[in-house]
Amino acid sequence: MFGIGHLDLMPFIYAIFLVWGAISVWRKLTAGLIWIAIAELGFFALTFKMHGGTIPGSLASVIAAIAIGAYLKRWNTRRFSASKS
């Protein structure tokens, strides 16, 4: 897909997003946001299975899981900060 001549950069881009996703889940686990990490992993597993395990499909799954994890973390922070004030 993305390439310089005969060099395909898609696996490299895929690896960057996989590492980003793993770091995202790890930070949520260490921060005590276990349910958000489980939701992010579950969403990734669901969309990965739905796309058949192809690299482009799983790249979309990783990006979607990171996005849903970021949204849930923000939603969780807003919900609890609003109830304290």
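Keep in mind it's a predicted model, so treat the numbers as computed, not measured. We number each residue from 1, following the sequence as shown. Every heavy atom of this structure was used, including side-chain atoms; hydrogens, water molecules and symmetry mates were not.
Distance CD/Glu40 to CD1/Ile68: 9.0 Å, rounded to 0.5 Å. Atom CG of Leu29 sits about 10.5 Å away from atom CD1 of Ile36, to the nearest 0.5 Å.
Hydrophobic clustering (side-chain heavy atoms under 4.5 Å, transitive across Ile, Leu, Val, Met, Phe, Trp, Tyr) groups Ile66 together with Leu18. Cluster annotation: Ile34 and Leu41 are assigned to the same hydrophobic cluster (Ile/Leu/Val/Met/Phe/Trp/Tyr, side-chain heavy-atom contacts under 4.5 Å, transitive). There is no path of hydrophobic side-chain contacts, each under 4.5 Å, that joins Ile38 to Val62. A continuous path of Ile, Leu, Val, Met, Phe, Trp and Tyr side chains, each step under 4.5 Å between heavy atoms, connects Ile13 with Ile63, placing both in one hydrophobic cluster.
Identified under the ring-ring contact (aromatic ring centres under 6.0 Å, His included) test for residues 39-66, with sequence neighbours left out: Phe44-Phe48.
No side-chain heavy atom of Lys28 sits under 4.5 Å from any side-chain heavy atom of Val25.
The two atoms that bring Phe17 and Leu59 nearest to each other are CD1-CD1, 3.6 Å, heavy atoms only.
Judged by distance alone, the side chain of Ser24 and the main-chain N or O of Trp20 form no donor-acceptor pair under 3.5 Å.
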